[in-house]
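The chain is numbered in sequence order, starting from 1. Treat the numbers as computed from the prediction; the structure is a model and nothing was measured.
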Amino acid sequence: MRSLTIARPDDWHIHLRDGAYLSTTVPDLARVFARAIIMPNLLPPIDQVQAAEAYRNQIIQAIPPGIRFEPLMTMYLTEQTSASTIVEAKKCGFVHAFKLYPAGATTNSNAGISAIKSLYPVFEEMQKQGMHLCIHGEVTNNEVDIFDREAAFIDESLLPITKDFPKLKIIFEHITTIESIDFVKEASNNVAATITVHHLLYNRNHMLAGGMKPLYYCLPILKRNKHQQALITAATSGSNKFFLGTDSAPHPRSAKENICGCAAGIYTAHAAIELYAEAFDLVNALDKLEGFSSFYGPDFYGLERNKDKITLTEESWQVPATLKFGEDILVPLRSEDHILWKVNNST
């Protein structure tokens with residue numbers, strides 16, 4: 001039986017939701033990950049320091065006893081965000097980034113930005129304060145094909161932002177295309193990207209061939225096989241510009257299987273590092289998993305690497321059909337199917 005011991009990883013992009021949902025999402029996350037960048041797209045959005053602190057306290061209360069886990073909070077950029085908000089967030093010490101959602105791009109993004117240049121004074125203050133910018137990089141113009149929206153965002157918005165704010169630390173989140181990989185590789189060292197495990201393991205055929213499968217529907221949407229293969233190459237390359245961000249995004253089963261429009265998001269927190277191990281093992285790159293999952297993210301955010309370890313063993317186990325989700329249930333990725341790696345201990 002093969003095994004792999006790595007420094008305890010972090011998740012640099014996750015959705016936990018709030019309220020009763022945290023009793024599922026937080027234990028699943030903290031089971032393996034030491035820290036995580038927590039997305040702010042609740043209703044209402046987390047756009048003030050006081051709201052970020054209250055949400056952080058909710059998460060901390062849901063951490064199982066005896067588990068060490070630190071939520072790294074983000075705040076939601078809106079048309080009302082000011083430079084003084086950036087200063088206040090930097091001073092508080094627990095907000096590590098601001099999140100840019102183009103209005104209407106994904107779940108709970110209606111409070112997002114319609115005119116990105118209106119944020120330039122805010123970007124200037126973020127650059128001055130050393131505050132990180134996380135970006136959901138897709139245009140929302142309905143005339144642009146949904147499979148091309150990420151690539152279009154690079155030309156329309158991301159290139160100008162990096163040109164006008166060269167010292168701003170930017171995380172291009174959950175990238176899905178060759179164009180995004182090339183952009184990140186060619187950009188300065190102030191630009192990095194997260195890659196999800198579902199974009200490494202699946203492409204749009206898994207979602208569409210033989211009928212629409214809601215479990216695989218996410219935004220950014222799964223792309224062609226050639227993009228999937230390019231993502232695998234980037235993630236396993238050893239480049240410190242690419243690191244782990246699950247974008248695990250839970251929804252009640254009723255919302256995922258809604259015939260009038262299924263919710264966008266895939267739940268992977270129950271088995272994220274195990275699934276990444278599968279993806280890396282498929283291309284004989286398990287030796288690159290530690291850097292991708294445990295080193296490059298904290299390095300980019302200016303945080304210390306974790307000192308404790310986890311051990312994965314090549315051991316098949318079956319995922320439950322459903323998980324409790326507050327008063328609802330959710331269907332996790334690989335529901336009733338097997339995963340080939342398992343976390344056996346952490347030290």
Crowding at CG, N189 (>12 non-hydrogen neighbours, <6.0 Å): no
With a 3.5 Å distance limit and no angle check, can you tell me whether E278 reaches the backbone of L340 through a side-chain donor-acceptor pair? yes
Any side-chain heavy-atom pair from L330 and H251 closer than 4.5 angstrom? no
Does some side-chain heavy atom of N284 sit less than 4.5 Å from a side-chain heavy atom of T236? no
Other residues, nucleotides and ligands only: do more than 12 of their heavy atoms fall within 6.0 Å of NZ on K117? no
Give the cluster check for F147 versus L158: same hydrophobic cluster or not, with ILVMFWY residues linked at side-chain heavy-atom distances below 4.5 Å. yes
Can you tell if the side chain of L286 reaches within under 4.5 Å of the side chain of R2, non-hydrogen atoms only? yes
Side-chain donor/acceptor of K256 to backbone N/O of P214, under 3.5 Å: yes
Restricting to non-hydrogen atoms, name the atom on E138 and the atom on P102 that form the minimum distance, rounded to 0.1 Å. O-CG, 3.2 Å
Kindly work out whether a path of hydrophobic side-chain contacts (I/L/V/M/F/W/Y, heavy atoms less than 4.5 Å apart) joins L16 to F325. no
Which pair of non-hydrogen atoms, one from C262 and one from M212, has the smallest distance, and what is that distance? SG-CE, 4.2 Å
Under the 4.5 Å side-chain heavy-atom rule for ILVMFWY, direct or indirect, which residues accompany W12? I37, M39, L72, Y76, Y101, I171, F243, F295, Y296, F300, Y301, L303
Side chains of H13 and E173: is there a donor and an acceptor less than 3.5 Å apart? yes
What are the two closest heavy atoms between T268 and H198, and how far apart are they? CG2-ND1, 4.2 Å
Please list all pairs passing the ring-ring contact (aromatic ring centres under 6.0 Å, His included) test where one or both residues lie in residues 38-74, with sequence neighbours left out. none
Within a strict 4.5 Å, meaning less than it, do heavy atoms of the R35 and N306 side chains meet? yes
Using a distance-only test with no angle check, is there a side-chain donor-acceptor pair under 3.5 angstrom linking S3 and T311? no
Which pairs count as salt bridge (charged side-chain N to carboxylate O under 4.0 Å, His left out) when at least one residue sits in residues 16-30, sequence neighbours excluded? none
Is any NZ, NE, NH1 or NH2 atom of the basic residue among R253 and D328 found under 4.0 Å from an Asp or Glu carboxylate oxygen of the other? no
Mind checking whether D10 and L244 have side chains closer than 4.5 Å, heavy atoms only? no
Using only atom types and a distance under 3.5 Å, with no angle test, would you say the side chain of K241 pairs donor to acceptor with the backbone of S188? yes
Side-chain contact, heavy-atom cut-off 4.5 Å: I6 with S293? yes
S180-T177 side chain donor-acceptor pair, cut-off 3.5 Å: yes
If we ignore hydrogens and angles and just use 3.5 Å, is the side chain of Q127 paired with the main-chain N or O of K167 as donor and acceptor? yes
Restricting to ring pair (Phe, Tyr, Trp, His ring centres under 6.0 Å), what partner residues turn up for Y276, sequence neighbours left out? F292
Smallest separation among heavy atoms of A52 and V95, with atom names: CB-CG2, 4.1 Å
For L231 and F242: C-alpha separation, side-chain torsions, deciding distance, then whether side chain to side chain contact (heavy atoms under 4.5 Å, CB included) applies. CA-CA 10 Å; L231 288 170; F242 304 101; over 6 Å; no
Verify the distance criterion only: is there a donor paired with an acceptor across the side chains of Q229 and H227 at less than 3.5 Å? no
Please report the C-alpha distance between H199 and Y202 in whole Å, then the side-chain angles of each, then the deciding distance to 0.1 Å, and finally whether the ring-ring contact (aromatic ring centres under 6.0 Å, His included) criterion is met. CA-CA 5 Å; H199 286 103; Y202 305 104; 9.7 Å; no
Parallel, tilted or perpendicular for F172 and F153, by the 30°/60° rule? tilted
CD of E336 to CZ of R334, rounded to nearest 0.5 Å, is 14.0 Å
Would L77 and L133 count as a side chain to side chain contact (heavy atoms under 4.5 Å, CB included) here? Give the steps. CA-CA 10 Å; L77 287 170; L133 174 63; 3.7 Å; yes
Return yes if some donor-acceptor pair links the side-chain N/O of S239 with the main-chain N/O of A235 below 3.5 Å, else return no. no
Do NZ/NE/NH1/NH2 and the carboxylate oxygens of E274 and R31 come within less than 4.0 Å? yes
Evaluate D247 against I14 for side chain to side chain contact (heavy atoms under 4.5 Å, CB included), listing each step before the verdict. CA-CA 5 Å; D247 192 24; I14 194 167; over 6 Å; no
What is the distance from atom CG of L282 to atom CG of L201, rounded to the nearest 0.5 Å? 7.0 Å
Say whether V319 and Y267 are linked into one hydrophobic cluster, either directly or through other cluster members, by side-chain heavy-atom distances under 4.5 angstrom. no
Using atom types as modelled and distance alone, determine if a side-chain donor or acceptor of D11 lies under 3.5 Å from a backbone N or O of T246. yes
Any donor and acceptor pair, going by atom type alone, linking the side chain of Q58 with main-chain N or O of G19 inside 3.5 Å? yes
Decide if atom CZ of R224 counts as having more than 12 heavy atoms of other residues, nucleotides or ligands within a radius under 6.0 Å. no
So P9 and V32, do their side chains get closer than 4.5 Å, heavy atoms only? yes
Do T85 side-chain atoms and T81 backbone N/O form a donor-acceptor pair below 3.5 Å? no
Might you confirm whether atom CD of Q50 has over 12 heavy atoms from other residues, nucleotides or ligands at distances under 6.0 Å? yes
Rounding to 0.5 Å, atoms CH2 (W341) and CG (L4) come to a distance of 6.0 Å
N/O donor to acceptor pairs below 3.5 angstrom from side-chain atoms of residues 215-223, sequence neighbours left out:
unit_1 : atom_1 : unit_2 : atom_2 : d
K223   : NZ     : T176   : OG1    : 2.7
K223   : NZ     : I221   : O      : 2.9

Rounded to the nearest 0.5 Å, what separates atom CG in D182 from atom CD1 in I175? 9.5 Å
Same cluster or not: I266 versus L323, using hydrophobic residues (I, L, V, M, F, W, Y) connected whenever any side-chain heavy atoms lie under 4.5 Å apart? no
SB check R149 E156 (cutoff 4.0 Å): no
With distance as the sole test, does T74 use its side chain to make a donor-acceptor pair with the main-chain N or O of I38 at under 3.5 Å? yes
Let me confirm one number: the CD1-CD1 distance from I135 to I170, rounded to the nearest 0.5 Å. 5.0 Å
Cluster link L42 to F94, ILVMFWY, side chain under 4.5 Å: yes
Donor-acceptor pair, S294 side chain versus G291 backbone, under 3.5 Å? no
Could you walk me through whether E125 and V87 satisfy the side chain to side chain contact (heavy atoms under 4.5 Å, CB included) test, starting with their C-alpha distance in whole Å, then the side-chain angles of each, then the deciding distance to 0.1 Å, before giving a yes or no? CA-CA 8 Å; E125 190 62 40; V87 174; 3.4 Å; yes
Take E70 and R56 through the test salt bridge (Lys or Arg N to Asp or Glu O under 4.0 Å) and record every step on the way to the result. CA-CA 9 Å; E70 182 183 4; R56 180 174 181 268; 5.2 Å; no
Test item: I60 and P71 side chains (from C-beta on) under 4.5 Å apart, heavy atoms: yes
For A321 versus V331, what's the shortest heavy-atom pair and its separation? O-CG1, 3.9 Å
Report the residues that fulfil ring pair (Phe, Tyr, Trp, His ring centres under 6.0 Å) with F165, sequence neighbours left out, ordered by chain and then residue number. Y120, F123
